[in-house]
Structures are given as C-alpha cells and as structure tokens.
Amino acid sequence: MTPMVKAEQVCKNFGALEVLKGISLEIDRGQVLCLVGPSGSGKSTFLRCINHLEEVNAGRLYVDGDLVGYSEKNGKLYELHPRAAAKQRRDIGMVFQHFNLFPHRTALENIIEAPTQVKRISKKKAVERAKDLLDQVGLSAKANAYPAQLSGGQQQRVAIARALAMDPKLMLFDEPTSALDPELVGEVLAVMKQLAKDGMTMVVVTHEMGFAREVADQLVFMDGGVVVESGEPRELLANPKQDRTKAFLSNLL
C-alpha cells in the first residue's frame, strides 16, 4: 500500500545554512506522526517541504504516491508550474502556529473562502459544509463572530475547520498550540484527537508530549537537521536510546 507521505533523503539549505540533511521517513494512511525536537532542528521546514511551501534542494518527497513540486523524466526533476503545484497543495491542509484568519471576515466566511474561490464550490454547499465543520470543532454558536471576538483557542479551531473545508487527504500541524494560553491548549488538542480517531493522516510538529504519547502512531525526534531517533511513542518516551534524545526529553518530561 502506498504510504501517504514518503521522504527520501530530503535536504534543504537556506544559502550556506543546511537545515535538513537527508530526512527519510514514511507515514501510512490514517497514521499520526509527531515531530519533536529543539527549536532550529528543521521540524517546521520539513513540514513546509511536504506541501512545497519550501522547495527541497535534494531528495524526493511523495504524497499519496505523487512527487511533490516536481515531475520526473529520465531521472531528472523538473519543477512544476506554480498552478500545478498549487493544485497539489489543495489536497494538503495546513494549520500554522498563528491562526492567519481574515480579520474582516466572520468564522463562517473564513471557512467558505477557499472552497468557493479555489474549488469553485457553490456558496450554498460551502456554507452547509462550513456549518458542519464548525459543529465538529465545537463552535456552531460562533459562525457569525469575527476573529477579534474569539479566544486564541477558538481562532485555532476555526483555522482547523478552514483547512478541513478543502477535504484534504493529509493534515499538517505546525506547533498549533504553542501560541495559546495553557488553559486553551486542551480544546485544540481535543479536536485533533477526534480527527485522528476519524482516520485523518496527520503530521504534527509539537511539544505536547501527552498528545504524542496518546495519539501518535510514530514519534520522530529531530535535531540538527537529521532524524536522531524514531519509534512507537510510548516506547521512545519511556526508553530513548540516543543520548541526545534522553537529554531533550529530560527537560520536557
């Protein structure tokens, strides 16, 4: 069975700075993979490479069997036209650390924007779907609220609903709770846990080790642009084998 995400020796440089130094991993359909590691380890950059918000300098990335951002002919890679790359990106939902909602649009209007403008779905259908999604994230009463009238946790749940409105086959979360007050973290994690239960394939950059232990199928510890250690979350958290992993986890657990 084709993995949902397959990375083969993925490298990414910013000028002379090597941020990713040959990342290889696989995520099967319906699995949740959590990426953990110190700031600057390359986690968020790798996430952005999966949906071609960053171009890779070497290696290959596949989503659902399709090469991301490039076509390959006779062993050579050719960058996709921006329109073709954007079409690929439609199938990959992404939720950022900061919510990036349109401040002048209501929660409902934020959610229907991409389906109506990008997928050309009728407004009526988009509104019906948006209402279902708001209900799914526990915000049906906030459909007509503007972002400024919502808490950080509520805004992030709207952002998740907005990503789901495009019916993605893969969801990427880049530290979705790190900008939230501690008491608001749980409401966002609850939505993510339900998504995992419903079978959504997810890659999550997080520092929430409880979430990783409970929900993830695979835990990957990155540092210095490489995968230091990976495995079943409970086993890795209880018995890390690498000294660098032990040192990192001792500061968190």
Side-chain angles (χ1 to χ4, degrees), residues 1-35 37 39-100 102 113-121 159-160 162-176 200-205 218 220 222-227 230:
M1 197 159 148
T2 307
M4 182 57 79
V5 179
K6 184 176 183 179
E8 297 177 344
Q9 293 296 314
V10 170
C11 297
K12 174 64 185 174
N13 311 328
F14 291 104
L17 180 65
E18 285 184 276
V19 179
L20 301 177
K21 304 172 185 175
I23 302 292
S24 295
L25 51 80
E26 288 188 10
I27 304 139
D28 290 330
R29 282 163 211 280
Q31 279 200 334
V32 177
L33 180 143
C34 282
L35 286 169
S39 295
S41 58
K43 309 179 302 293
S44 294
T45 298
F46 177 67
L47 206 68
R48 291 170 66 84
C49 287
I50 292 175
N51 66 355
H52 204 56
L53 288 176
E54 298 288 355
E55 298 172 17
V56 302
N57 295 107
R60 286 162 170 69
L61 257 170
Y62 299 88
V63 170
D64 201 16
D66 294 326
L67 188 60
V68 173
Y70 299 88
S71 60
E72 186 171 0
K73 288 172 188 166
N74 303 321
K76 278 192 171 183
L77 295 183
Y78 299 88
E79 192 166 357
L80 291 180
H81 187 278
R83 192 176 295 165
K87 193 173 180 183
Q88 273 189 339
R89 208 174 285 126
R90 284 183 204 173
D91 293 327
I92 304 172
M94 187 154 184
V95 177
F96 298 89
Q97 187 173 343
H98 298 287
F99 327 119
N100 301 328
F102 294 116
E113 176 75 11
T116 54
Q117 297 300 313
V118 178
K119 281 195 162 180
R120 302 296 178 193
I121 290 169
I160 293 171
R162 179 179 60 181
L164 292 172
M166 292 292 281
D167 293 318
K169 52 188 166 187
L170 170 66
M171 284 286 285
L172 309 176
F173 293 87
D174 190 4
E175 299 197 36
M200 176 62 74
T201 311
M202 296 158 58
V203 186
V204 185
V205 173
Q218 194 180 158
V220 173
M222 286 178 63
D223 190 25
V226 300
V227 172
S230 65

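- Scanning all heavy atoms of the two residues, the minimum distance from A163 to G93 falls at CB-CA, 4.2 Å.
- Contact check for L164 versus M200: side-chain heavy atoms found under the 4.5 Å cut-off.
- Considering only heavy atoms from C-beta on, C11 stays 4.5 Å or farther from K21 through its side chain.
- For the pair L61 and V56, the minimum side-chain heavy-atom distance is below 4.5 Å.
- When all heavy atoms are compared, the tightest approach of M222 to L20 is CE-CD2, 3.9 Å.
- Looking only at side-chain heavy atoms (C-beta outward), T201 and M171 stay at 4.5 Å or farther from each other.
- The shortest distance between side-chain heavy atoms of L170 and M4 falls below 4.5 Å.
- Taken from CG in L67 to NZ in K6, the straight-line distance is 11.5 Å, to the nearest 0.5 Å.
- Between atom CD of residue E54 and atom CZ of residue F14 there is a gap of 4.0 Å, rounded to the nearest 0.5 Å.
- Screening residues 60-88 for side chain to side chain donor-acceptor pair (under 3.5 Å), with sequence neighbours left out, gives R29-D64, R60-E72, D64-K169.
- Considering all non-hydrogen atoms of both residues, G225 and I23 come closest at O-CD1, 3.4 Å.
- Looking only at side-chain heavy atoms (C-beta outward), V10 and N57 stay at 4.5 Å or farther from each other.
- The side chain to side chain donor-acceptor pair (under 3.5 Å) check on D167 picks up R129, with sequence neighbours excluded.
- For R89, there are no salt bridge (charged side-chain N to carboxylate O under 4.0 Å, His left out) partners at least two apart in sequence or on another chain.
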Identify every side-chain donor-acceptor pair in residues 44-51 under 3.5 Å, counting partners at least two apart or on other chains, and give the distances.
unit_1 : atom_1 : unit_2 : atom_2 : d
S44    : OG     : D174   : OD1    : 2.7
S44    : OG     : D174   : OD2    : 3.2
N51    : OD1    : L53    : N      : 3.4

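- At a threshold of 4.5 Å between non-hydrogen side-chain atoms, the residues I92 and P168 do not count as touching.
- With sequence neighbours excluded, the residues that form a side-chain contact (heavy atoms from CB on, under 4.5 Å) with E113 are F102, R105, Q117.
- Here the side chain of K12 pairs a donor or acceptor atom with the backbone of E55 at under 3.5 angstrom.
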Any chance you could lay out the side-chain contact (heavy atoms from CB on, under 4.5 Å) test for D91 and V63, step after step, and finish with the verdict?
CA-CA 9 Å; D91 293 327; V63 170; over 6 Å; no
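- Taking Q97 as the reference, S178 meet the side chain to side chain donor-acceptor pair (under 3.5 Å) condition, with sequence neighbours excluded.
- Judged as a side-chain contact (heavy atoms from CB on, under 4.5 Å), and not counting sequence neighbours, the contacts of S24 are Q9.
- For the pair N13/V19, no side-chain contact is recorded, criterion being any heavy-atom separation below 4.5 Å from C-beta on.
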